[in-house]
Novice: 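Sharing a structure below in structure tokens format, with a few things to ask.
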Amino acid sequence: MHDEQSEHHPALTELRRRLNGGLARARLDKTQLATRAQLGRTTVSEAFGADGRVPSEKTVATLARALKLPVQELLELQRTAAASDAGSGSGPGRPIGEWEPHALEVHPAGPGSGSPEQRALPGYVPREHDRVLADAVREAGEGHSRMLVLVGTSSTGKTRACWEAVQAPAEKGWRLWHPFDPTRAEAALDDLHRVRPRTVVWLNEAQHYLSDPRTGERIAAAVHSLLVQPERGPVLVLGTLWPEYAAQYTALPTPNGPDPHSRVRELLTGRTLTVPDTFDAPALAAANVLAEGGDRLLADALNRASADGRLTQDLAGAPELLHRYQSGTPAAKAVLEAAMDARRLGVALHLPQAFLTDAALDYLSDIDHDQLTDDWAEAAFAELAHLVHGKQAPLRRASPRPQRRTPGTPPIATPPTRQRGRYSDLLTTSNNTAAPPADACAHPPLSGKLPTPISPTWTTC
């Protein structure tokens with residue numbers, strides 16, 4: 001029978017020629033071969049078929065052993081055919097090397113100009129979850145379909161970890177499919193059945209695919225079918241989720257209650273991996289090595305966030321914090337500029353709300369001041385407290401921790417809090433030094449610069 005794909009897949013044609021020759025020499029039909037190889041009749045038929053589908057490595061190895069053919073030679077033909085098939089455009093996606101990481105929703109890191117695609121990524125520090133991820137990628141490369149969903153809070157490096165992991169299969173000709181058009185769920189439902197072997201299925205922010213009780217269950221079933229059919233593999237399915245979504249999907253239903261995510265729960269069982277919020281000591285040490293080697297983005301992040309280890313949140317949040325400052329309302333910018341100047345001049349991290357409200361008035365132009373509404377301060381603080389990537393905000397309301405004391409000791413007297421006062425009064429009180437010159441803060445000296453991502457916080461007076 002003429003193989004319609006022979007012109008484009010000579011390795012596949014040669015593979016099938018050898019399989020047919022072995023079948024003839026063994027004097028078996030395909031049903032008998034399926035019994036001997038302990039494979040499904042359909043799997044065997046498709047391995048010999050002329051539809052252009054490349055059989056999986058596992059199928060080829062099993063058939064080669066059953067027909068007493070050289071296993072490694074046939075596997076090499078299979079891999080060559082699969083690589084050719086991956087680049088032929090016959091399935092969804094395109095070669096991994098043609099993707100740009102920000103197009104796959106890796107957050108731009110640090111301040112910069114131009115589009116996200118023009119910004120460099122900071123150096124990458126592998127952590128424990130990267131080793132588990134690398135094992136899944138290696139097993140997929142060996143012919144076993146795998147799925148792993150990274151679970152972690154906002155901007156903990158989940159998507160970047162997936163991007164780093166797929167660089168190994170990129171070198172072997174794998175393709176990557178990121179379903180998103182016209183919507184993520186619709187794209188996945190339409191084309192999951194077309195996914196070919198040696199494809200990475202990229203389900204970043206997997207709640208967009210799995211949340212709807214109707215389409216989510218159908219997508220989960222289609223992904224499960226893709227993973228368990230050897231003739232469709234190997235494939236690698238990578239996803240990311242916030243913990244609250246993972247908990248929602250994996251929660252067991254109540255007796256006699258609805259179970260809207262039964263297929264999703266089964267799909268995720270044994271296929272999730274937690275990404276920690278912070279860098280541990282070895283990871284911080286590795287980041288310091290990269291920073292000392294000239295990585296300015298990591299060096300800046302370490303200056304701000306090494307104490308709490310939230311490096312990825314700092315890197316992801318910095319561009320958004322800058323954008324929030326540049327695009328803020330006049331009142332919000334005035335409050336933030338007052339806070340930045342106070343921190344620059346040595347005031348403690350927790351800044352009284354009354355202080356910021358009074359000080360902000362001196363940062364407003366006459367026109368902006370005349371347009372203030374009665375609730376301008378409440379609106380400005382609410383605007384500045386809105387979270388960006390990494391659960392960061394230009395200003396956030398502080399909740400002071402209770403003072404700890406040894407049992408049996410008398411409580412520590414707390415001095416009264418100053419309720420009101422001009423900017424210079426509070427600076428003098430906070431720092432025990434003379435007030436700055438009257439014009440020291442007449443103009444916002446940090447205007448146009450990035451506010452520190454470890455943001456000044458305020459307390460309610």
Side-chain angles (χ1 to χ4, degrees), residues 54-61 75-76 78-87 91-107 121 123-152 156-179 188 192 195-206 209 223-241 246 267-276 283 286 312:
V54 181
S56 69
E57 290 187 26
K58 181 180 178 181
T59 297
V60 169
L75 283 177
E76 187 61 32
Q78 188 275 343
R79 290 166 185 149
T80 301
S84 176
D85 187 57
R94 62 178 188 265
I96 296 172
E98 295 181 8
W99 284 96
E100 195 279 326
H102 297 102
L104 296 173
E105 301 167 338
V106 175
H107 291 314
L121 291 174
Y124 191 71
V125 178
R127 293 182 278 167
E128 183 59 35
H129 60 274
D130 292 285
R131 285 182 272 277
V132 179
L133 186 54
D135 287 341
V137 172
R138 174 182 52 77
E139 291 168 1
E142 293 171 351
H144 311 285
S145 292
R146 291 290 181 264
M147 176 180 180
L148 205 55
V149 176
L150 274 60
V151 178
T156 48
K158 304 181 294 296
T159 310
R160 177 70 188 277
C162 291
W163 170 251
E164 295 297 325
V166 299
Q167 299 314 299
E171 298 174 357
K172 299 179 180 179
W174 280 54
R175 62 199 293 115
L176 185 148
W177 176 48
H178 177 29
L192 270 168
V195 172
R196 306 302 295 272
R198 298 167 66 88
T199 298
V200 176
V201 179
W202 191 267
L203 303 181
N204 195 54
E205 302 285 357
Y209 302 94
V223 172
H224 183 261
S225 178
L226 175 64
L227 292 170
V228 300
Q229 296 183 42
E231 65 273 14
R232 300 188 64 188
V235 296
L236 175 64
V237 182
L238 295 179
T240 66
L241 278 175
L267 179 67
L268 294 182
T269 299
R271 296 189 174 108
T272 60
L273 174 64
T274 299
V275 176
T312 54

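Because the structure is predicted, anything quoted here is derived from the model rather than measured.
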Novice: For the pair Val235 and Val195, evaluate side-chain contact (heavy atoms from CB on, under 4.5 Å) and give the outcome as yes or no after the intermediate values.
Specialist: CA-CA 8 Å; Val235 296; Val195 172; 4.0 Å; yes
Novice: Considering non-hydrogen atoms only, spot the tightest contact between Pro92 and Thr199 and give its length.
Specialist: O-CG2, 4.4 Å
Novice: How long is the span from the CG atom in Leu227 to the CZ atom in Arg271, to the nearest 0.5 Å?
Specialist: 5.0 Å
Novice: Should the pair Arg94 and Trp99 be classed as cation-pi, given the thresholds of under 6.0 Å to the six-membered ring centre and 45° from the axis?
Specialist: yes
Novice: Check Gly233 against Pro197 and note the closest heavy-atom contact, atom names and distance.
Specialist: O-CB, 3.4 Å
Novice: Check Tyr209 against Trp202 and note the closest heavy-atom contact, atom names and distance.
Specialist: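 Closest approach of Tyr209 to Trp202, heavy atoms only: OH-O, 3.9 Å.
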Novice: Applying salt bridge (Lys or Arg N to Asp or Glu O under 4.0 Å), can you list everything that pairs with Arg232, at least two apart in sequence or on another chain?
Specialist: none
Novice: Side-chain contact test, heavy atoms from C-beta onward, threshold under 4.5 Å: evaluate it for Pro101 versus Thr159 and give yes or no.
Specialist: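 Counting from C-beta outward, Pro101 and Thr159 never come under 4.5 Å.
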Novice: Got a second to check how far Gln167's CD is from Ile96's CD1, nearest 0.5 Å?
Specialist: 7.5 Å
Novice: Taking all non-hydrogen atoms of both residues into account, name the closest pair between Val275 and Thr156 and its distance.
Specialist: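 Of all heavy-atom pairs spanning Val275 and Thr156, the closest is CG1-O, 3.6 Å.
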Novice: For the side chain of Thr240 and the backbone of Glu205, is there at least one donor-acceptor N/O pair under 3.5 Å apart?
Specialist: yes
Novice: Is any side-chain heavy atom of Val166 closer than 4.5 Å to one of Val137?
Specialist: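 The answer is no, as the side chains (C-beta and beyond) never meet within the 4.5 Å cut-off.
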Novice: With the side chain counted from C-beta on, respond yes when Val201 and Leu226 share a heavy-atom pair under 4.5 Å apart, and no when they do not.
Specialist: yes
Novice: Using the side chain to side chain contact (heavy atoms under 4.5 Å, CB included) criterion, which residues pair with Ala140? Sequence neighbours excluded.
Specialist: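 With neighbours one apart ignored, the set is Trp174, Leu236.
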Novice: Calculate, to the nearest 0.5 Å, the distance between atoms CD and CG belonging to Glu139 and Leu148 respectively.
Specialist: 10.0 Å
Novice: Quick check: closest heavy atoms across Asn204 and Leu104, and the distance to 0.1 Å?
Specialist: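 So the minimum-distance heavy-atom pair works out to ND2-O, 4.0 Å.
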Novice: Please report the shortest heavy-atom distance between His102 and Leu121, naming the atom on each side.
Specialist: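 Taking His102 first and Leu121 second, the nearest heavy atoms are NE2-CD2, 3.7 Å.
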Novice: CG/Leu241 to NZ/Lys158 distance, rounded to the nearest 0.5 angstrom?
Specialist: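 If I round to the nearest 0.5 Å, the distance is 8.5 Å.
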Novice: Do any N or O atoms from the side chain of Arg198 and from the backbone of Lys172 form a donor-acceptor pair under 3.5 angstrom?
Specialist: yes
Novice: Give, for atom OG of Ser56 and atom CD of Gln229, the distance between the pair rounded to the nearest 0.5 Å.
Specialist: 11.0 Å
Novice: Answer whether the closest heavy-atom distance between the side chains of Met147 and Val223 falls below 4.5 Å.
Specialist: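 Yes. Closest side-chain heavy atoms under 4.5 Å.
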Novice: Hey, what do you get for CG (Leu150) to SG (Cys162), rounding to the nearest 0.5 Å?
Specialist: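 SG of Cys162 is found 4.5 Å from CG of Leu150.
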Novice: In plain terms, say whether Arg127 and Asp130 are close enough for a salt bridge, that is, a side-chain N and a carboxylate O under 4.0 Å apart.
Specialist: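 No.
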Novice: Ignoring hydrogens and geometry, is there a side-chain-to-backbone donor-acceptor pair from Glu164 to Tyr124 under 3.5 Å?
Specialist: no
Novice: Would you say His144 and Glu142 are linked by a side-chain donor-acceptor pair, where the criterion is simply a distance under 3.5 Å?
Specialist: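 Side-chain D/A pair, Glu142 to His144: absent.
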Novice: Kindly say whether Glu76 contributes a backbone atom to a donor-acceptor pair with the side chain of Thr80 at under 3.5 angstrom?
Specialist: yes
Novice: Check whether any side-chain heavy atom of Leu203 lies under 4.5 Å from a side-chain heavy atom of Val237, and answer yes or no.
Specialist: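 They are in contact (side-chain heavy atoms under 4.5 Å apart), so the answer is yes.
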